[in-house]
Amino acid sequence: MTTRERVESLRAQLDEANYRYYVLDAPTISDARYDQLMRELRDLEEAHPDLQSDLSPTRRVGAAPSQRFAPVEHATPMLSLANAFSSEELRAFDERVRKLLGESAVRYICELKIDGLAVAVRYRDGAFVRGATRGDGRVGEEVTENLRVIPGVPLRLREAIRGDFEARGEVYLRRSDFDALNLRREREGAPRFANPRNAASGGLRQLDPAQTRERRLSFFAYTLVEPPPEIATQHAALERLRELGFPVNPNVRAVASIDEAVAFCDEWERRRDELDYEIDGVAIKVDRFDFQERLGTVARDPRWAIAYKFKAREATTKLEDITVSVGRTGTLNPNAVLAPVEIGGITIRNATLHNEAYIASNDIRIGDTVIVVRAGDVIPRVVGPIRELRTGKERIFHMPTHCPVCGADVDRPDGEAMARCTNASCPAQLVERLRHFASRGAMDIEGLGDVLAEQLVSGGLVKEFADLYALDAPRLAALDRLGAKSAGNLVAAIAASKERGLTRLLVGLGIRYVGEQTAAILARDFRSMAALAEADESALQRSEGIGPEVAASVRLFFAQARNRAALEALAAAGVAMEERGVAPVADSAIKGKRFVLTGTLATMTREEAKGALERLGARTSESVSAKTDYVVAGSEAGSKLQRARDLDVPVLDEDAFCRMLSETRSPTHR
DNA sequence: CTGCCTCGAGTTCG
DNA sequence: CTCGAGGCAG
């Protein structure tokens with residue numbers, strides 16, 4: 001074999017491996033073998049400069065940086081699609097198409113709309129010669145060298161088509177590559193990217209193609225420009241693109257009616273999170289090219305296709321300010337004040353920014369135009385700025401050194417993420433603690449929410465928890481916006497809370513590391529506040545799940561004179577200091593089983609379901625693991641249900657769950 | 001020491 | 001719901 005033949009053979013093997021990996025998704029050689037072939041080829045090319053070629057897989061490492069991106073005129077304009085936001089609009093589109101064509105039924109092809117950047121790639125005699133961004137559709141930017149480093153873009157077609165050939169598609173970044181990229185940047189101290197599309201867009205427009213390569217961009221082709229006559233439909237064109245060596249998205253469906261297209265849209269709007277890349281809708285195209293031609297294009301949009309857009313999950317808006325609030329544990333929480341923006345039917349005005357480190361690592365500045373997402377989790381997040389829109393007037397945020405409410409020093413212990421107000425009687429903390437004390441999981445005082453807590457503290461009526469129990473209706477009615485009737489209801493609710501029992505009282509006190517579960521264990525093992533107050537750290541650690549940190553925190557709470565006095569005042573007011581409530585059933589079929597509740601149940605609240613389970617001796621927890629016995633999934637169950645399936649944990653729907661409850665209960669009835 | 005598993009804390013809108 | 005961090009088993 002001559003050297004030239006060996007070089008050609010290596011290139012063919014590497015191209016084939018690439019095709020099997022990126023297009024067929026079925027690798028046939030190991031990464032190590034691939035690297036070995038690549039090394040041999042590189043060595044041969046270095047030794048024989050006359051054998052070098054732009055089309056060699058070795059060139060995917062990235063050529064020398066270019067000075068700028070030259071404008072490229074698209075011979076055929078890169079069209080945009082008209083948008084539809086509802087099934088009604090899709091049906092109207094279908095009617096118009098059928099009327100214009102005079103057909104009673106038209107076949108469509110449905111393709112996922114990948115959230116990336118559209119590009120055009122040109123080939124001459126089967127060899128990649130030029131790539132360009134969409135630009136405004138008529139003129140784009142030349143990004144040939146950047147596209148060359150994207151493994152999914154074939155450098156040579158699998159058939160050497162004579163003359164010019166052009167395909168179009170989407171450059172995008174997989175979620176997994178996006179996460180890895182951000183992780184790397186975080187380690188390097190570089191700001192995170194807000195979303196995969198921005199990272200891909202920036203990556204493709206790097207002057208140094210080697211930088212583009214590091215982003216690990218991917219590619220899907222979806223358009224064959226100027227198809228030959230024997231290719232008469234879009235689905236045949238996709239098939240052809242695949243044969244030629246382009247990655248083509250597999251989630252495509254040819255349908256015989258608009259109803260099926262609507263079903264496809266609904267299905268993928270539901271399933272969009274299953275994919276490793278982001279999609280923002282579905283492109284619906286008339287399948288037959290002769291029909292497409294007859295329908296033509298008006299203004300900028302073709303009349304033969306429409307883009308169904310999913311409900312938005314993100315939007316851009318202005319970050320007008322960052323305010324700082326004080327939490328019940330004294331944490332200083334930065335909040336984003338946003339110009340109101342609608343995402344998925346809800347208007348967002350505020351969002352948490354967590355802490356100073358989050359703001360810095362995402363490079364968020366006051367005055368920025370920011371991207372806000374509201375994904376599967378309902379709570380919106382500010383994920384990052386659009387740096388291109390900066391004016392230079394943006395301000396970097398710094399955490400205040402003094403509490404914005406009481407003016408006390410702010411402290412941030414080494415290694416901790418949160419800054420804290422050091423004043424234990426800071427009014428803001430008092431309000432938040434009071435709210436927590438009255439909350440559902442704690443003393444459950446109905447009618448005592450954030451507004452009233454604020455009024456009680458600022459009006460000087462409550463300085464510690466016990467003061468609540470001295471309130472009477474006339475004094476409450478003196479507060480703004482509280483009538484005689486609601487004042488009476490509140491007094492009754494406060495009185496009722498005296499009998500909640502030790503667990504809930506412990507939760508309400510807000511001892512660090514003591515939440516619902518830990519409080520329940522402490523109440524179970526120590527039975528009374530007095531016994532708990534006397535327990536030393538080693539006694540506490542004998543309880544299940546209590547380690548040195550929690551034990552020390554509990555000890556510290558009871559060691560402080562102020563807390564002991566507060567507890568005495570509560571006891572004097574008549575608040576129960578022992579565990580109340582029902583003894584669990586001695587024996588039942590589900591005793592000791594671990595349940596996780598997720599989603600919304602129709603016939604009961606999550607709290608009620610939890611109570612019912614606990615009375616039967618079962619345990620509930622918040623996260624699904626291999627130790628979980630059952631997951632109860634209501635409607636709109638989220639990631640926990642997914643995890644249950646991954647771990648093969650039995651899943652009960654509401655019916656099955658109710659049956660289990662009643663069957664378990666009946667033997668204990670007489 | 002490492003890798004689960006679990007808990008606590010903070011979170012938005014209507 | 002997600003993150004951070006404590007508890008605990010191997």
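We name chains A, B, ... by the order of the sequence lines, and we start the count at 1 in each one. As the structure is a prediction and not an experimental result, all values here were calculated from the model.
Atom CG in N333(A) sits about 15 Å away from atom P in dG4(C), given to the nearest Å. The separation between R381(A) atom CZ and dC3(C) atom P is 7 Å, rounded to whole Å.
In this model, the phosphate group of dG8(B) is approached by a side-chain N or O of T518(A) to a distance below 4.0 Å at OP1 or OP2. Phosphate proximity of dG8(B) to T329(A): absent, as no side-chain N or O sits under 4.0 Å from OP1 or OP2.
Note on R271(A) versus E267(A): salt bridge recorded, some NZ/NE/NH1/NH2 to OD/OE distance being below 4.0 Å. Note on R313(A) versus D115(A): no salt bridge recorded, every NZ/NE/NH1/NH2 to OD/OE distance being 4.0 Å or above. The pair R542(A)-E537(A) does not count as a salt bridge, with every side-chain nitrogen at least 4.0 angstrom from each carboxylate oxygen. Between D368(A) and R390(A) there is a salt bridge, since at least one side-chain N of the basic residue sits less than 4.0 Å from a carboxylate O of the acidic one.
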Exercise answer: donor-acceptor pairs, residues 340-349 of chain A side-chain atoms, under 3.5 Å, sequence neighbours excluded:
none

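No side-chain donor-acceptor contact under 3.5 Å links E278(A) to the backbone of R175(A).
Nearer the 5' end of DNA chain B, as judged by each residue's closest nucleotide, is the contact made by G327(A), out of G327(A) and R349(A). Heavy-atom nearest nucleotides on DNA chain B were determined for R435(A) and for E516(A), and the one closer to the 5' end corresponds to E516(A).
Using a 4.0 Å cutoff on non-hydrogen atoms, no part of residues 399-406 of chain A comes near DNA chain B.
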